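Right, one structure below, let's go through it.
Numbered from 1 within each chain, the chains take letters A, B, ... in sequence-line order. Predicted, not measured: the structure shown is a model, and the values here were computed from it.
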There are 2 protein chains.
Amino acid sequence: MAGRRAQMMEETKGRLVQAARRAFAEKGYAGASMDDLTAEAGLTRGALYHHFGDKKGLLQAVIDQIDAEMAGRLRVVGERASHPWRGFLDEYRAYIEMALEPEIQRILLLDGPAVLGDPSRWPSQNACLAETTLRIQGLVADGAIPPVDAEAAARLLNGASLHAALWVAASDAPEATLAKALDAFQRLAEGLARPA
Amino acid sequence: MAGRRAQMMEETKGRLVQAARRAFAEKGYAGASMDDLTAEAGLTRGALYHHFGDKKGLLQAVIDQIDAEMAGRLRVVGERASHPWRGFLDEYRAYIEMALEPEIQRILLLDGPAVLGDPSRWPSQNACLAETTLRIQGLVADGAIPPVDAEAAARLLNGASLHAALWVAASDAPEATLAKALDAFQRLAEGLARPA
DNA sequence: CGATTTGACATACGTTCCGTATGTGTGCTC
DNA sequence: GAGCACACATACGGAACGTATGTCAAATCG
């Protein structure tokens with residue numbers, strides 16, 4: 001009862017999204033051609049506009065997929081830690097390191113906000129941001145850190161992480177820069193942990 | 001000895017940059033048409049390509065101008081404060097509020113990095129980032145805060161500020177959101193002030 | 001079981017816009 | 001005052017997006 005038709009359709013959409021991920025990551029959103037991208041998937045622009053409406057719709061689909069993957073990876077990292085606060089720091093360390101991956105940096109962090117606007121308004125609800133917000137709420141609830149607006153803290157820390165990753169990615173000595181960035185990040189995060 | 005010719009040329013470049021600021025801010029980089037933009041300045045694309053090379057060159061010129069203005073405004077805010085640490089916080093508060101201005105947010109914070117890449121690689125050297133880095137170096141030198149890599153701290157705080165501004169700008173209740181963002185920001189910044 | 005319809009996808013077309021190549025007139029130099 | 005350099009306009013080619021239309025298989029229904 002899977003529906004032969006619907007199954008083929010999912011297959012098609014998946015191929016298009018995958019090709020788009022590659023194209024957007026390599027050439028950026030503006031530089032990626034819909035003709036080339038669909039041809040690489042063995043299709044034409046007809047299929048693309050039928051399923052995704054327009055170029056922005058395709059970007060949105062790509063972002064939804066990447067965002068979901070990131071949230072899953074972050075959850076694993078956070079839950080693997082013994083101590084809550086330690087897990088929190090590990091999670092952000094993982095976030096910074098993920099933001100170094102060209103696909104994530106280019107598509108989700110640079111082109112995404114520029115083309116689609118503020119991430120919190122995305123239909124995917126930014127699963128990754130929600131994940132870190134929940135984590136902070138948990139820390140507050142457990143009394144591990146003093147009360148704070150969890151969403152505000154998550155947003156600021158995500159912003160700091162993103163810029164850290166941009167800095168590291170463009171650096172001539174990435175590993176040294178990453179160390180500096182992580183050190184500074186921990187200093188900032190500790191501002192949350194200890195009351196004024 | 002001003003050179004009638006050179007003076008006219010500066011006038012032309014200025015008019016183009018000003019028209020570009022308006023167009024980029026209103027329609028975004030991708031959505032702005034060079035034809036419309038130059039026509040609004042009473043010129044044609046010929047002038048534009050002669051002076052700026054290509055569309056990215058024009059964006060760079062616009063960004064240089066805005067960046068310089070921001071650095072100047074930040075400096076005034078920081079120097080006006082009595083206490084160094086207080087001045088530091090005031091400066092970032094001003095930064096967040098500036099990032100709410102559509103022109104700055106759209107051009108410098110969203111389209112700029114997406115089109116031109118990491119800001120630290122911009123020819124303008126990101127005067128605004130340099131300004132905040134210097135401020136942090138001053139705090140360390142005066143013993144107001146424990147040693148920290150000033151550039152790393154400045155980058156992370158700028159990133160946090162930017163995301164705070166994006167959040168506030170897209171919010172339904174901007175003033176309440178701004179208050180939450182500023183509160184969270186202060187908590188993070190205090191992580192710099194007090195040693196572990 | 002055959003006719004009809006739905007929908008996934010391809011093809012063709014018009015429009016827009018960027019970058020370049022070429023033309024032109026005005027102001028500086030000798 | 002002649003020649004040249006340069007600021008700027010005009011003309012052209014090409015690429016890319018979105019839409020409108022066509023086609024063919026599969027699901028539906030009498």
Quiz item: Does anything in residues 152-186 of chain B pair up under ring pair (Phe, Tyr, Trp, His ring centres under 6.0 Å), and if so which pairs, sequence neighbours excluded?
Solution: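 As it turns out, the ring pair (Phe, Tyr, Trp, His ring centres under 6.0 Å) pairs with a partner in residues 152-186 of chain B, which skip direct neighbours, are B/Tyr92-B/Phe185.
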Quiz item: Do any pairs count as a ring pair (Phe, Tyr, Trp, His ring centres under 6.0 Å) and have a residue in residues 47-82 of chain B, sequence neighbours left out, and if so which ones?
Solution: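 Every pair satisfying ring pair (Phe, Tyr, Trp, His ring centres under 6.0 Å) with a residue in residues 47-82 of chain B: there are none.
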Quiz prompt | Within residues 14-28 of chain B, residues whose heavy atoms come under 4.0 Å of DNA chain C | solution =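 Contacts with DNA chain C under 4.0 Å: none.
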Considering residues at least two apart in sequence or located in another chain, which fulfil the side-chain contact (heavy atoms from CB on, under 4.5 Å) criterion with [X]?
X: A/Pro84; value: A/Leu139
X: A/Glu40; value: A/Arg22
X: B/Leu89; value: B/Trp85, B/Gln186, B/Ala189
X: B/Glu79; value: B/Arg75, B/Arg135

Quiz item: How does protein contact run along nucleotides 8-20 of chain D, one letter per nucleotide 5' to 3', with B for base contact, S for sugar-phosphate only, - for none, heavy atoms under 4.0 Å?
Solution: BBBB----SBBB-
Quiz item: How would you list all residue pairs meeting side-chain hydrogen bond (donor to acceptor under 3.5 Å, both in side chains) that involve residues 25-39 of chain B, not counting sequence neighbours?
Solution: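 Qualifying pairs, neighbours excluded: B/Asp35-B/Arg45.
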